[in-house]
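What follows is a single structure, written as structure tokens, with notes after it.
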Amino acid sequence: MLKNKHLLGLENTPAEDIQMIIDTAFRFREVLERPIKKVPSLQGKTIVNLFFENSTRTRISFELAQKRLSADTVNFSASTSSLKKGETFKDTAQNIEAMKIDAVVMRHPTPGAPLHLTKHIDSIVINAGDGTHEHPTQAILDMMSLHEVFGKINGLKIGILGDISHSRVALSNIFGLIKMGAEVTLCGPPTLIPPYIQDLGVKINHNVDEVLEWADAVNILRIQMERMGVGLFPSIREYRKLFGITEERVKRLKKEVIIMHPGPINRGVEIDSQVADSEQAIILDQVLNGVASRMAILYLYLGGKSELN
Ligand code: CP
């Protein structure tokens with residue numbers, strides 16, 4: 001039994017619940033290897049994917065996860081909805097819920113929007129990324145991917161590199177990894193790492209070569225120009241030189257480090273193509289684990305009753 005009704009973030013999700021989701025996700029990974037990749041676990045449940053912001057991976061993997069669990073799914077896109085005619089967020093949500101749904105998966109550019117939604121509807125709310133706040137399902141799939149490689153999370157040394165200030169992936173990973181017993185070091189330009197973040201139990205090191213040498217795995221984040229407003233570093237060229245995970249940088253290392261990236265990738269900026277496509281990168285495994293993780297999350301939060309097998 002999970003502690004919370006909704007999955008709004010990992011800040012308030014206990015370690016035992018995170019572990020239960022990861023364990024369940026590995027069982028769903030087995031389902032995804034079968035010729036018929038479908039189980040009846042959520043038959044009769046209806047889930048609405050409410051996306052107010054662009055997405056490729058999260059949206060498709062949630063939709064696939066819902067179909068693999070035999071749930072009925074409906075996709076809502078803000079750009080083609082009556083929001084464009086002036087309908088409020090609250091009215092939109094309450095009208096959708098009046099159609100007898102069980103859960104909403106929501107992405108929104110405003111931090112706290114999924115929490116706000118829980119005040120207006122009774123359905124279960126799953127946060128698919130809220131502004132610069134949290135992206136809990138991404139952090140769960142990242143931790144599942146680490147568990148797959150290392151057989152554990154406790155004691156791992158994880159570097160999170162790049163634009164920490166604007167990254168919901170960073171914040172959810174920090175909450176999750178620290179709870180699960182990993183050591184976390186953040187690396188990036190000082191202007192893109194908020195000083196308060198050390199209170200969360202992480203270290204900060206601005207030398208990317210030292211972090212790469214220290215870490216078992218690094219999660220590389222994109223520079224989020226669209227959330228920045230003003231330039232917080234001199235140029236893309238300088239960023240790549242000082243913080244980019246280049247082929248030369250990786251070749252210089254005395255040991256292998258696992259390379260992760262939540263996507264979307266800006267090739268040639270935060271990571272070189274040769275690194276992103278190398279054997280030590282698990283970026284596409286993260287994507288597959290995203291489907292299994294989201295199946296586990298939907299199954300557990302919606303109280304899926306049937307056996308997985
Ligand atoms: N990782 C991630 O959230 O990607 P999308 O924005 O494409 O969903």
Side-chain angles (χ1 to χ4, degrees), residues 6-11 47-66 73-97 101 103-121 123-142 160 162-176 192 194 219-230 232 261-266 269-270 283 286-287 290-291 293-294 297-298 301:
H6 310 285
L7 179 58
L8 301 178
L10 294 192
E11 183 175 11
I47 305 168
V48 177
N49 298 314
L50 209 55
F51 275 64
F52 293 82
E53 201 185 70
N54 294 343
S55 169
T56 297
R57 281 145 292 270
T58 311
R59 185 173 181 149
I60 291 175
S61 72
F62 261 116
E63 200 180 333
L64 261 182
Q66 291 153 7
T73 74
V74 182
N75 291 320
F76 167 95
S77 178
S79 59
T80 53
S81 74
S82 289
L83 284 161
K84 291 282 170 204
K85 300 177 200 163
E87 189 168 39
T88 64
F89 174 80
K90 180 182 166 190
D91 282 334
T92 302
Q94 288 180 334
N95 275 270
I96 290 171
E97 186 165 66
I101 62 162
V104 173
V105 173
M106 186 166 83
R107 170 166 288 192
H108 200 283
T110 307
L115 172 66
H116 183 63
L117 183 64
T118 64
K119 315 284 184 211
H120 298 299
I121 64 171
S123 303
I124 293 157
V125 177
I126 308 288
N127 181 3
D130 59 332
T132 55
H133 178 224
E134 282 222 40
H135 194 350
T137 65
Q138 177 70 45
I140 285 170
L141 76 88
D142 288 342
I160 304 179
D163 181 357
I164 310 296
S165 291
H166 300 96
S167 176
R168 54 196 176 207
V169 175
L171 200 53
S172 287
N173 261 278
I174 291 167
F175 287 133
L192 294 180
N219 207 342
I220 301 157
L221 307 173
R222 152 182 97 85
I223 301 292
Q224 300 199 30
M225 297 292 189
E226 75 276 19
R227 296 193 207 276
M228 225 172 257
V230 292
L232 293 172
H261 196 307
I265 294 175
N266 289 147
V269 182
E270 74 272 9
I283 297 168
Q286 289 173 261
V287 175
V291 180
S293 296
R294 287 166 179 135
I297 288 161
L298 294 169
Y301 278 86

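All residue numbers refer to positions in the sequence shown, counting from 1.
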| Exercise: identify the closest heavy-atom pair between A139 and N173 | CB-N, 3.7 Å

| message | Contact between V105 and Q66 at the side-chain level, heavy atoms closer than 4.5 Å - yes or no? | response | yes

| message | Could you check whether any side-chain heavy atom of T110 comes within less than 4.5 Å of a side-chain heavy atom of D130, counting everything from C-beta outward? | response | no

| So which heavy atom on P262 is nearest to which on R57, and how close? | O-CD, 3.5 Å

| task | Apply side chain to side chain contact (heavy atoms under 4.5 Å, CB included) to the pair L83 and F76, showing each step before the final yes or no. | result | CA-CA 11 Å; L83 284 161; F76 167 95; 3.7 Å; yes

| message | Within the structure provided, determine whether I47 and F62 are in side-chain contact (heavy-atom separation under 4.5 Å). | response | no

| Hey, does T58 have a side-chain heavy atom less than 4.5 Å from the side chain of R294? | yes

| query | To the nearest 0.5 Å, what is the distance between CD1 (I126) and CG (L7)? | reply | 5.0 Å

| said: Between E134 and L10 (side chain of the first, backbone of the second, donor and acceptor by atom type, cut-off under 3.5 Å), is there such a pair? | reply: yes

| said: Could you check whether any side-chain heavy atom of V169 comes within less than 4.5 Å of a side-chain heavy atom of L221, counting everything from C-beta outward? | reply: yes

| task | Please lay out, stage by stage, how H261 and Q286 fare under the test side-chain hydrogen bond (donor to acceptor under 3.5 Å, both in side chains). | result | CA-CA 8 Å; H261 196 307; Q286 289 173 261; over 6 Å; no

| Partner set under side-chain hydrogen bond (donor to acceptor under 3.5 Å, both in side chains) for N219, not counting sequence neighbours | D142

| Does T118 reach the side chain of H6, with side-chain heavy atoms less than 4.5 Å apart? | yes

| query | Does the S61 side chain pair with the main chain of V291, one donor and one acceptor, at a distance under 3.5 Å? | reply | no

| query | Can you tell me how far CZ of R222 sits from CG of D163, rounded to the nearest 0.5 angstrom? | reply | 8.5 Å

| query | With side chains defined as the heavy atoms from C-beta onward, is the minimum distance between L50 and R107 less than 4.5 Å? | reply | no

| message | Tell me whether T132 contacts the main-chain N or O of H166 through its side chain, where contact means a donor paired with an acceptor under 3.5 Å. | response | no

| Validation row: V48, E97 side chains within 4.5 angstrom (heavy atoms) | no

| field | S293 side-chain N/O to G290 backbone N/O, donor-acceptor pair under 3.5 Å | value | no

| request: Mark yes or no for whether D91, through its side chain, and E87, through its backbone, hold a donor-acceptor pair below 3.5 Å. | output: no

| Could you go step by step and tell me if I124 and V104 meet the side chain to side chain contact (heavy atoms under 4.5 Å, CB included) rule? | CA-CA 6 Å; I124 293 157; V104 173; over 6 Å; no

| Test log, rule side chain to side chain contact (heavy atoms under 4.5 Å, CB included), inputs H135 and T137 | CA-CA 6 Å; H135 194 350; T137 65; 3.8 Å; yes

| Considering all heavy atoms, the nearest H133-G112 contact | ND1-N, 4.2 Å

| said: Keeping T80 on the side-chain end and S77 on the backbone end, is there a donor-acceptor pair under 3.5 Å? | reply: yes

| When rounded to the nearest 0.5 angstrom, what distance separates CD in E63 from OG1 in T73? | 5.0 Å

| request: Measure the CG-CD1 distance between N75 and I60 for me, rounded to the nearest 0.5 Å. | output: 10.0 Å

| remark: Across all chains, not counting sequence neighbours, the ring-ring contact (aromatic ring centres under 6.0 Å, His included) partners of H116 are F89, H120

| task | Nearest 0.5 Å please: distance from the OG atom of S123 over to the CE atom of M106. | result | 12.5 Å

| Interatomic spacing from CG in L115 to CG in N127 - rounded to 0.5 Å | 10.0 Å

